[in-house]
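Small disclaimer: the values here were computed from a predicted structure and weren't measured.
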Amino acid sequence: MGRSNEVRDMEMCKMYAAGCTLQEIGDQYGVTRERARQIISRRSDAVSASTARNARREARAEELTSQVREFLAAHQVGIVKLAEGGASRSDVEARFALLYPEVSAAVVREAIAEAKVLFDVDVQEFAFSVTAIEGAVWYALARERGLGADRLGAAQKMDLDELEGTGQVLLREGIESDAVAEILGLIHAAQELVRCGAQAGISAARYNARRESVLVELGMESSKGTRPWPPTSQTVMKRLGEGSWAKAQIALGLTPDSRGRPEGLLLFEPQDYPAAVADFLRDAQSVGSPSTFEGYASWVEAEERSGRRRPSAPSVRLYYRGWTSAKRAAGGH
């Protein structure tokens, strides 16, 4: 290797150790992200992955503090006025998300917390979509099982709505695109584990432990009044399990304990899945409502209140590998 390449490689390692991402390093030196990773991996004596992660975490924390300070300088008066006018915390966050999309959700959230104002009671469990909440559980399971990220499989098999539903939330949280891709790849790996017949689940206690470690790794903070992704186990229970962690696991097709296969996979026959989706699509068309995944989830709740048990939205998506595939299969039912 020529001296010029050696100098370049050492400079790349220094950038990595200082907290730069592989994409940033690749852009700087005109190589792909994968090529930057190979060069830095070859010089593992120069910098360790843990050192680089710590540097990136510290750099993100410093940048977040600076951005929060700037945001407060411009908007603290407005935040106070909104709170005094009766706005909830989520209302304020939604306003800034729409009007200042270039500012990450993490900056807005921390700035509001720093403003130290009192808000009306806020329904915090609805801060995330069902898709983003499901993704959090799958991600925690993947971490618990020590799975590797399957980006290729995710690109080929994951439903686009699912990818965007979770990915956009993470990007809005200010999480780097490399980390978002890794998270999505791990979500898919966990889903494939269950699709292949493995009896898998994660307890609420282990989920919370994984959540706290993830928040530290991502340089985020879970404090009173804030709700970064991944959501709390309480939110998972409320949104997916009617207040029960076991029911939330079953809704996802997971095994809540070691006594056998998930209840959800025993309740329904294969023909029940396309039948339920087909019924939903007919009902949605008749009333002129969109045939979305979230709409199906609400429809299932309404059906259960009428005494009709239907496969949950998460279990349908797991069964068909995506909501689009479920609708396509139901079309021929």
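Donor-acceptor pairing under 3.5 Å is lacking for the side chains of Asn208 and Glu212. Donor-acceptor pairing under 3.5 Å is lacking for the side chains of Arg211 and Tyr207.
Note that CD1 of Ile183 is 10.5 Å distant from CD of Glu176, once rounded to the nearest 0.5 Å. Once rounded to the nearest 0.5 Å, the distance linking CG of Leu254 with CD of Gln191 reads 9.5 Å. From Lys238, atom NZ reaches atom OG of Ser244 across 14.0 Å, with rounding to the nearest 0.5 Å. One distance of note links CD of Gln23 with OG1 of Thr32; it measures 8.5 Å at 0.5 Å rounding. The OG atom of Ser291 lies 12.5 Å from the CH2 atom of Trp299; values are rounded to the nearest 0.5 Å. Taking OG of Ser298 as the start and CZ of Phe293 as the end, the distance is 10.5 Å to the nearest 0.5 Å.
Minimum interatomic distance between Leu318 and Gly253 (heavy atoms only, all atoms of both residues): CD2-CA, 4.2 Å. Contact detail for Pro311 and Val300: the closest heavy-atom pair is O-CG2, 3.6 Å. Here the closest heavy-atom approach between residue Ala189 and residue Gly148 is recorded as CB-O, 3.3 Å. Smallest separation of non-hydrogen atoms from Leu171 and Ser177: CD2-CA, 4.2 Å. Contact record, Ile25 with Ala36: CG2-CB, 4.3 Å, taken as the closest heavy-atom pair. The shortest heavy-atom contact between Ala136 and Pro231 is CB-CD, 3.5 Å.
At a threshold of 4.5 Å between non-hydrogen side-chain atoms, the residues Val194 and Leu252 do not count as touching. Counting heavy atoms from C-beta on, the side chains of Glu6 and Asp9 never come closer than 4.5 Å. Side-chain contact check for Pro274 versus Tyr320: some heavy-atom pair is nearer than 4.5 Å. For the pair Asp279/Glu303, no side-chain contact is recorded, criterion being any heavy-atom separation below 4.5 Å from C-beta on. Glu134 places none of its side-chain heavy atoms less than 4.5 Å from the side chain of Ile187.
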### Message
With side-chain contact (heavy atoms from CB on, under 4.5 Å) as the criterion, how do Val316 and Tyr296 come out once you've worked through the C-alpha distance, each side chain's angles and the decisive distance to 0.1 Å?
### Response
CA-CA 10 Å; Val316 166; Tyr296 176 79; 3.6 Å; yes
#### Entry: Verdict with supporting geometry, Arg143 and Tyr139, side-chain contact (heavy atoms from CB on, under 4.5 Å)
CA-CA 6 Å; Arg143 295 287 299 267; Tyr139 177 59; 2.8 Å; yes
### Task
Any chance you could lay out the side-chain contact (heavy atoms from CB on, under 4.5 Å) test for Val137 and Gln249, step after step, and finish with the verdict?
CA-CA 9 Å; Val137 179; Gln249 296 276 283; 3.9 Å; yes
### Trace of the side-chain contact (heavy atoms from CB on, under 4.5 Å) decision for Thr166 with Leu184
CA-CA 8 Å; Thr166 302; Leu184 293 173; 4.1 Å; yes
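Every side-chain contact (heavy atoms from CB on, under 4.5 Å) that Glu294 has, sequence neighbours left out, goes to Ser129, Val130, Thr131, Thr292.
Annotation for Glu242: atom CD does not count as buried by contact number, only 12 or fewer foreign heavy atoms lying within 6.0 Å. Around atom CD of Gln285, no more than 12 heavy atoms belonging to other residues, nucleotides or ligands sit under 6.0 Å away.
A salt bridge does not link Arg8 with Glu11: none of the charged nitrogens is closer than 4.0 Å to a carboxylate oxygen. Salt bridge annotation for Arg317-Asp159: absent, with no cationic side-chain nitrogen under 4.0 angstrom from a carboxylate oxygen.
Tested against Asp178 for a salt bridge (charged side-chain N to carboxylate O under 4.0 Å, His left out), the candidates Arg151, Arg37, Arg33 yield a single pass: Arg33.
Residue Tyr100 is grouped with residue Leu82 when hydrophobic side chains (ILVMFWY) are merged at heavy-atom distances under 4.5 angstrom, including chains of intermediate members. At a threshold of 4.5 Å between side-chain heavy atoms, the hydrophobic network of Ile, Leu, Val, Met, Phe, Trp and Tyr places Val80 and Phe71 in one connected group. Both Leu99 and Val108 belong to a common hydrophobic cluster when Ile, Leu, Val, Met, Phe, Trp and Tyr are linked at side-chain heavy-atom distances under 4.5 angstrom.
With Trp229 contributing its side chain and Ala132 its backbone, the two residues share a donor-acceptor pair below 3.5 Å. At distances below 3.5 Å, at least one donor-acceptor pair connects side-chain atoms of Trp245 with backbone N or O atoms of Ile202.
The side chain to side chain donor-acceptor pair (under 3.5 Å) contacts involving residues 66-81 comprise Glu63-Gln67, where partners must be two or more places apart or lie in separate chains. Residue pairs meeting the salt bridge (Lys or Arg N to Asp or Glu O under 4.0 Å) criterion with at least one member in residues 185-198, sequence neighbours excluded: Lys157-Glu192, Glu192-Arg195, Glu192-Arg321.
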